[in-house]
Protein chains: 2
Amino acid sequence: MLMDPHLLTTFVAVARHGSFSAAAAELGYTQSAISQQIAALEADLGLALLSRRPVEPTPAGRRLLEHAGPLLLRLRAARADVLRAAAAPRHRLRLAATPLAVNAVVAGRLARARAAQPRLEVTLATCARDQVGALVAEGQADLGLADGIAAPSDPLRLPDTGPMTTAGVNEEDLAVALPADHPLAGRAALRLEDLVDARWLQTPLCPLARLRDLVGDGFPVAMEYQGDDVHTVVNLVGAGHGLTLLPVSVLPAASASGPARGVPLASPRLVHRVELLHGALPPGAADLARALSA
Amino acid sequence: MLMDPHLLTTFVAVARHGSFSAAAAELGYTQSAISQQIAALEADLGLALLSRRPVEPTPAGRRLLEHAGPLLLRLRAARADVLRAAAAPRHRLRLAATPLAVNAVVAGRLARARAAQPRLEVTLATCARDQVGALVAEGQADLGLADGIAAPSDPLRLPDTGPMTTAGVNEEDLAVALPADHPLAGRAALRLEDLVDARWLQTPLCPLARLRDLVGDGFPVAMEYQGDDVHTVVNLVGAGHGLTLLPVSVLPAASASGPARGVPLASPRLVHRVELLHGALPPGAADLARALSA
DNA sequence: AGGGTCCATCAGCATTGCTTATAGCAGATA
DNA sequence: TATCTGCTATAAGCAATGCTGATGGACCCT
């Protein structure tokens with residue numbers, strides 16, 4: 001029959017802890033119950049999912065762990081979405097956004113929406129690109145705003161967390177961020193293909209894997225910054241730690257001041273795209289979603 | 001706690017039948033058991049999912065139905081994948097492919113793989129693009145081959161059915177398929193933007209929604225063919241029922257004979273792309289997957 | 001009014017899932 | 001080597017769950 005998500009949750013906890021007893025403590029069961037649950041799951045599938053002494057996932061168990069995370073997330077998402085669909089209109093809405101998603105256009109639309117709905121209360125939280133979907137799916141945010149690098153009008157590829165609506169919000173040209181005194185800083189435009197062997201800054205704001213997807217191999221990592229503060233990224237670029245792509249509105253042009261310059265990207269044809277995503281929307285949130293969409 | 005997939009399965013059946021009794025008959029339970037299962041699910045979520053007399057989903061219930069399908073599929077996929085990961089090598093492999101995915105390149109690679117593994121037995125089944133993932137995920141096929149229209153090197157957007165590996169197999173230029181006596185049939189190349197208002201044939205092989213995604217509004221449906229036989233599509237085009245896009249290898253060029261002509265597509269820059277997808281692979285299937293990949 | 005269909009509810013019974021107790025194993029230490 | 005500790009597996013007991021069968025009420029049709 002269908003795999004029991006309850007057993008799956010136990011399995012994930014045991015694998016994470018590498019211990020039946022520790023998982024039992026976390027889940028609020030006895031070690032014996034955990035042992036029986038794992039035995040039940042193994043009996044259901046007809047194979048061992050964990051070795052014992054040490055308690056480690058077998059290859060099949062590792063495979064199941066890859067499925068378990070998204071599966072359990074989707075179960076939580078289904079519950080959250082159903083509850084949301086049945087919820088009464090609310091005036092307090094939670095927005096989860098990636099740092100670059102809340103640009104001037106979005107902020108302006110948000111202001112207009114709030115002017116149109118004076119009782120609207122908005123909480124805005126920043127999160128990573130691959131967390132937006134999960135936060136919305138699980139009901140921890142009502143609306144999500146995600147950004148990324150894409151071809152014009154090409155929807156972003158976000159992790160799938162279940163049936164959700166996405167809408168394009170805004171697109172903006174991209175610029176190569178360079179130190180102010182870089183030899184290329186005065187150029188009118190740049191091509192990514194000519195920068196394949198330059199030194200690049202790896203950041204969540206512009207993952208180099210994305211550039212490799214779009215252009216091909218290359219883009220060596222001179223430095224990695226794991227945070228997502230735009231200001232920090234700009235300063236790291238300005239200090240010569242590596243190049244990155246950012247929306248043109250973030251960077252001063254060649255004639256202005258600041259540690260870094262933005263030179264427009266001419267090829268390939270790419271934009272910084274912002275998208276809105278949401279599940280079921282009660283009337284109050286639907287108005288905001290409409291206002292934010294393009 | 002976590003929603004019970006067993007209850008979810010019952011809910012889906014009841015909603016489909018619009019009747020507790022009919023669902024009970026299908027699932028092999030009594031009406032009473034079904035009534036209690038639905039009551040348990042509604043109690044868990046704290047709201048009504050179905051109206052009674054008539055038995056129809058409430059708005060919240062409809063929302064849950066959107067989640068239920070993919071969720072239950074993923075549960076089946078997880079089981080199938082785990083079993084596959086633990087399976088012994090097999091020589092009998094099942095391939096699920098969309099009609100246009102098995103082109104000469106793929107067929108040639110398959111032949112070479114079979115020459116290298118003389119004991120290999122391959123069953124090839126044709127299916128729709130949005131079924132490939134599900135067939136592979138659920139363990140009804142070991143490998144999937146899907147095709148679609150994409151920008152060069154851009155992965156296809158297939159429905160997500162869980163953790164699966166995809167690999168590019170082959171890309172080929174696209175051509176606009178026209179009747180042999182069409183005024184544009186002798187052209188050296190065509191632009192999609194110039195054909196926005198032409199009459200188009202809607203087929204699963206070239207969904208017009210995809211063209212609208214890529215280019216914008218337009219592409220009126222002169223006729224719809226719901227089957228996926230390439231030969232039929234070519235003949236419908238030749239008889240003037242509407243235009244479509246097909247890989248250049250499928251269509252005769254302007255100088256050859258046949259009911260339809262293929263004029264290369266010059267803009268936007270698009271290709272016919274074939275991708276391989278699979279879950280866990282035992283050694284036997286891994287060799288075939290490697291041979292099929294680019 | 002009578003009959004049939006359908007869903008809700010109750011009672012009874014088998015199965016499931018938990019706790020407690022115990023056994024066995026492995027590793028560390030004196 | 002003997003002892004202790006920590007850990008997992010297993011058995012027994014009990015409460016909860018999930019099913020069947022019976023019954024009642026509502027609705028529809030003749």
With a 3.5 Å distance limit and no angle check, can you tell me whether B:E42 reaches the backbone of B:L49 through a side-chain donor-acceptor pair?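 Such a contact is found between B:E42 side chain and B:L49 backbone.
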I'd like to know if the side chain of A:D228 and the backbone of A:P99 have a donor-acceptor N/O pair within less than 3.5 Å.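 Answer holds: no.
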Give a yes or no on whether a donor-acceptor pair under 3.5 Å exists between the nucleobase atoms of [N], that is its base, and the side chain of [X].
X	N	value
A:R53	D:dC7	yes
A:Q36	D:dT8	no
B:S32	C:dA11	no
B:R52	C:dC6	no
A:S35	D:dT10	no

For [X] and [N], give me the distance from atom [atom1] to atom [atom2], rounded to whole Å.
X	N	atom1	atom2	value
A:I38	D:dA9	CD1	P	9 Å
A:L49	D:dA9	CG	P	12 Å
B:Q31	C:dT9	CD	P	11 Å
A:L7	C:dC18	CG	P	8 Å
B:L27	D:dC19	CG	C1'	14 Å
B:I34	C:dC6	CD1	P	14 Å
B:Y29	D:dG21	OH	P	14 Å
A:F20	C:dC25	CZ	P	17 Å

Give me the one residue out of A:V12, A:L8, A:V14 that meets side-chain contact (heavy atoms from CB on, under 4.5 Å) with A:T10.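 Of all the options given, the one that passes is A:V14.
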With a non-hydrogen cut-off below 4.0 angstrom, is B:Q37 in contact with a base, only sugar-phosphate, or nothing? sugar-phosphate
Please work out if A:T30 contacts a base, only the sugar-phosphate, or nothing of the nucleic acid, heavy-atom cut-off 4.0 Å. base
Nearest 0.5 Å, what's the OG1-CD distance between B:T98 and B:E275?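 Answer for the OG1-CD pair, B:T98 versus B:E275, is 10.5 Å.
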Side-chain N or O of B:H6 closer than 4.0 Å to phosphate OP1/OP2 of D:dC19: yes
Could you check whether A:R79 pairs with A:E138 (Lys NZ or Arg NE/NH1/NH2 to Asp/Glu carboxylate O, under 4.0 Å)?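 So A:R79 does not pair with A:E138 through a salt bridge.
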Compare the minimum distances between each of C:dC7, D:dC7, D:dC19 and the side chain of A:S21, then state the nucleotide with the smallest one.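 Comparing C:dC7, D:dC7, D:dC19 against the side chain of A:S21, the answer is D:dC7.
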